[in-house]
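FYI, the numbering just counts along the sequence from 1.
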Amino acid sequence: QVQLAESGGGLVQAGGSLRLSCAASGRTFSIYYMGWFRQAPGKEREFVGAITTRGGSTYYADSVKGRFTISRDYAKNTVYLQMNSLKSEDTAVYYCAGIIGGQYYNRDYEYDYWGQGTQVTVSS
């Protein structure tokens, strides 16, 4: 089993920055992709980005490309989502998730483990 815990959410003004953290514990060696998703009120959960835990390759949704960056710290078993130039439309609950054996990193149904989510609110 793997446990994931997000932190770092909060209220920020448009144009500002936040860094979310996702701390993993348990059988973390079994995870291949770590992904970030978000869900705004009344909307479906959407893919934000993902990183391969071994090679560090990153993938982003078009809506955040160039503004968000995903990184990982092996020693801390932690993945980060650095969010810059935030917009009001980035307001959502952000979730981190882990895949063991799936291949479609941008599909939420591929993910085996999920964190509890952290709220990000961007005021305009």
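In this structure, R45 forms a cation-pi arrangement with W114, its terminal cationic atom sitting closer than 6.0 Å to the ring centre and no more than 45° off the ring axis. Geometrically, R107 engages Y104 in a cation-pi contact defined by less than 6.0 Å to the ring centre and at most 45° from the axis.
Distance alone, capped at 3.5 Å, places no donor-acceptor pair between the Q82 side chain and the F68 backbone. Looking only at distances, a side-chain donor or acceptor of T53 sits under 3.5 Å from a matching main-chain atom of I31. T91 contributes no side-chain N or O that, together with a main-chain N or O of E89, makes up a donor-acceptor pair within less than 3.5 Å. A donor-acceptor pair is defined here as one N or O able to donate and one able to accept, closer than 3.5 Å; no such pair exists between the side chain of R38 and the backbone of Q119. Remark: side-chain polar atoms of T52 are paired, donor with acceptor, to backbone N or O of S57 under 3.5 angstrom.
Side-chain contact check for T118 versus V93: every heavy-atom pair is 4.5 Å or farther apart. A heavy-atom distance below 4.5 Å is not found between the side chains of M34 and Y113. Residues V122 and Q13 form no side-chain contact, since every pair of their non-hydrogen atoms from C-beta on lies 4.5 Å or further apart. Within the 4.5 Å cutoff, the side chain of Y80 has heavy atoms near those of the D73 side chain. Using a 4.5 Å cut-off on side-chain heavy atoms (C-beta onward), S123 and L11 make contact. Side-chain atoms of L81 and E6, non-hydrogen and from C-beta on, never get closer than 4.5 Å to each other.
Side-chain atoms of N84 and S17 include a donor-acceptor pair closer than 3.5 Å.
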Take L20 and M83, measure what side chain to side chain contact (heavy atoms under 4.5 Å, CB included) needs, and give me the verdict at the end.
CA-CA 8 Å; L20 305 184; M83 305 184 294; 3.8 Å; yes
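Rounded to the nearest 0.5 angstrom, Y33 OH and E110 CD are separated by 9.5 Å.
Residues I100 and V2 fall within the same hydrophobic cluster, defined by Ile, Leu, Val, Met, Phe, Trp and Tyr side chains chained together at heavy-atom separations under 4.5 Å. At a threshold of 4.5 Å between side-chain heavy atoms, the hydrophobic network of Ile, Leu, Val, Met, Phe, Trp and Tyr places L4 and I70 in one connected group. L86 and V48 fall within a single hydrophobic cluster, where Ile, Leu, Val, Met, Phe, Trp and Tyr side chains are chained together by heavy-atom contacts under 4.5 Å.
Residue pairs meeting the disulfide (SG to SG under 2.5 Å) criterion with at least one member in residues 32-64: none, sequence neighbours excluded. Sorted by first and then second residue, the side chain to side chain donor-acceptor pair (under 3.5 Å) pairs involving residues 19-32 (not counting sequence neighbours) are Q3-S25.
When each of V64, I51, V79 is checked for a side chain to side chain contact (heavy atoms under 4.5 Å, CB included) with W36, only V79 meets the rule.
Remark: aromatic rings of Y95 and F37 are distant, center separation not under 6.0 Å. Taking the six-membered ring for Trp and the full ring otherwise, the centers of Y105 and F47 sit less than 6.0 Å from each other.
In this structure, A92 and A40 approach most closely via the heavy-atom pair CB-N, 3.8 Å. In plain terms, the two heavy atoms of A14 and S124 that are nearest each other are CB-CA, 4.2 Å.
The existence of a salt bridge linking D62 and K65 is confirmed by a sub-4.0 Å separation between a basic side-chain nitrogen and an acidic carboxylate oxygen.
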